[in-house]
Amino acid sequence: MTPSDLETAPSKAPTDATIQPDDELNDVEMSLFEHLEELRFRIFYALIAVAIAIVGCFFKVNVIVKVLERPAQGVKFLQLAPGEYFFVSLKVAAYSGILVASPFILYQIIQFVLPGLTRSERRLLGPIVLGSSVLFFVGILFAYVALIPAALNFFIQYGGDVVEQLWSIDRYFEFVLLLLFSTGIAFQIPVIQLLLGLTGIVSSRQMLSGWRYVILGAAILGAVLTPSTDPLTQSLLGGAVVGLYFGGIGLVILTGH
């Protein structure tokens, strides 16, 4: 072939094998058995981390109990049955251990689903996971700082001059732990909205048009999630849910959906 032939010869187009869209990955496909085996190992690692965290929290359970008793404003707690505080300690250590181990559990979940995601989905995974984690811990902090003191203050003031405030240690921690974790879960609303918006299931306009139903739902959610019956606690949680909902709408609008 002469130099002139080389100049006039068309350049060879790349084959389909050399072109890979941005959303395609080079991960090796796994069989169903391999996926189940991978899931089994991820669950095993997560359970080991939870067990270690629970044991560690059990050794420090008295410190955790004192922290959780602070919102009670000096109320005296009673052990109404033999071994009641021991079982309360196990319960507190279990909840605390799951909370401590949650970053590692989340890491195992991410490692399991990551190979099946496209590059664009992987770029969204980080902000969504980070936002969900931050909102969960903000919800727990909000419950500890605002909801629990408000609810306990209501019960202490109501009938405080008639009955002496002596509370069951087991019932108190059922109340506190349930309120903490239910509030953390309720604070996931913006993340759910963002996922619905990104997938095109619900648009920001549709979310905004249903604000009346959201306010009604927030009132019902506040009544269901709060173990107390006082209107102040329910109003605080309901108001937080409404604020989170409209904040989630703002996030969906920013993403162009």
Side-chain angles (χ1 to χ4, degrees), residues 25 27-69 81-118 121-144 147-148 169-192 194-195 199 221 224-227:
L25 298 176
D27 296 324
V28 179
E29 292 186 1
M30 299 173 63
S31 65
L32 177 61
F33 177 78
E34 290 172 328
H35 276 293
L36 293 176
E37 188 72 9
E38 176 74 9
L39 179 61
R40 186 174 71 86
F41 278 111
R42 296 298 177 186
I43 294 175
F44 176 74
Y45 295 148
L47 291 177
I48 291 296
V50 170
I52 294 173
I54 289 175
V55 171
C57 290
F58 184 77
F59 283 106
K60 295 293 184 180
V61 72
N62 289 340
V63 177
I64 301 173
V65 166
K66 290 179 180 178
V67 171
L68 295 177
E69 284 180 347
E84 182 177 1
Y85 180 68
F86 173 75
F87 291 108
V88 167
S89 300
L90 292 177
K91 187 183 301 183
V92 172
Y95 276 93
S96 303
I98 294 172
L99 188 63
V100 170
S102 59
F104 186 79
I105 297 173
L106 192 60
Y107 171 77
Q108 294 300 322
I109 295 173
I110 292 173
Q111 289 300 309
F112 178 72
V113 302
L114 200 61
L117 301 180
T118 62
E121 290 171 339
R122 288 185 177 189
R123 285 193 292 267
L124 293 173
L125 182 63
I128 289 175
V129 169
L130 179 61
S132 176
S133 303
V134 170
L135 284 173
F136 182 77
F137 284 100
V138 169
I140 290 178
L141 183 62
F142 176 75
Y144 182 79
L147 293 183
I148 294 175
I169 187 72
D170 183 49
R171 295 293 181 86
Y172 172 77
F173 278 100
E174 282 184 4
F175 170 84
V176 169
L177 294 174
L178 178 61
L179 190 54
L180 286 172
F181 277 82
S182 61
T183 307
I185 293 172
F187 269 56
Q188 301 302 304
I189 291 174
V191 177
I192 297 173
L194 186 59
L195 290 173
T199 54
L221 191 65
V224 171
L225 291 182
T226 53

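FYI, the numbering just counts along the sequence from 1. As a basis for the values below, the full set of heavy atoms in this structure was taken, side chains included, without hydrogen atoms, waters or symmetry mates. None of these values were measured; they are calculated from a predicted model.
Looking at heavy atoms from C-beta onward, Phe136 lies out of side-chain contact with Val191 at the 4.5 angstrom threshold. When side chains are defined from C-beta on, Leu178 does not count as touching Tyr95, because their heavy atoms never get closer than 4.5 Å. Considering only heavy atoms from C-beta on, Val67 comes within 4.5 Å of Tyr144 through its side chain. Between Ile148 and Leu180 there is a side-chain heavy-atom pair separated by less than 4.5 Å.
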Practice item. Would you please test Phe137 and Leu99 for side-chain contact (heavy atoms from CB on, under 4.5 Å) and show each step? Key: CA-CA 9 Å; Phe137 284 100; Leu99 188 63; 3.6 Å; yes
Check your understanding: For Val65 and Phe173, what are the C-alpha separation, side-chain angles and deciding distance, and is it a side-chain contact (heavy atoms from CB on, under 4.5 Å)?
Key -> CA-CA 9 Å; Val65 166; Phe173 278 100; 3.5 Å; yes
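Ring geometry for Phe86 versus Phe58: interplanar angle over 60°, hence perpendicular rather than tilted (30 to 60°).
Atom CZ of Arg42 sits in a crowded spot, with more than 12 heavy atoms from other residues, nucleotides or ligands closer than 6.0 Å. For Tyr107, the OH atom is loosely surrounded, since the number of other residues' heavy atoms within 6.0 Å does not exceed 12.
A pairwise comparison of heavy atoms in Val61 and Ser89 identifies CG2-O, 3.5 Å as the closest pair. Between Thr183 and Gly139, the closest heavy-atom pair is CG2-O, 3.3 Å. The shortest heavy-atom contact between Ala186 and Ile189 is O-CG1, 3.1 Å. Annotation for Ala46 and Ile105: closest pair CB-CG1, 4.2 Å, computed over non-hydrogen atoms. The shortest non-hydrogen separation linking Ala53 to Gly97 is CB-O, 3.3 Å.
With rounding to the nearest 0.5 Å, the separation of OG in Ser132 from CZ in Phe187 is 12.5 Å. Rounding to the nearest 0.5 Å gives a distance of 4.5 Å between CD1 of Ile128 and CG of Leu195. Atom CD1 of Ile185 is separated from atom CD1 of Ile140 by 9.0 Å, given to the nearest 0.5 angstrom. How far CD1 of Ile52 is from CG of Leu47: 11.0 Å, rounded to the nearest 0.5 Å. Taking CZ of Phe112 as the start and OH of Tyr45 as the end, the distance is 13.5 Å to the nearest 0.5 Å. Here the straight-line distance linking atom OG of Ser182 with atom CG of Leu177 works out to 10.5 Å at 0.5 Å rounding.
Listed by first and then second residue, the salt bridge (charged side-chain N to carboxylate O under 4.0 Å, His left out) pairs involving residues 87-116 are Lys91-Asp170, Lys91-Glu174 (not counting sequence neighbours).
Using a 4.0 Å cut-off between charged nitrogen and carboxylate oxygen, Glu69 and Lys66 do not count as a salt-bridge pair.
Taking Glu84 as the reference, Ser168 meet the side chain to side chain donor-acceptor pair (under 3.5 Å) condition, with sequence neighbours excluded.
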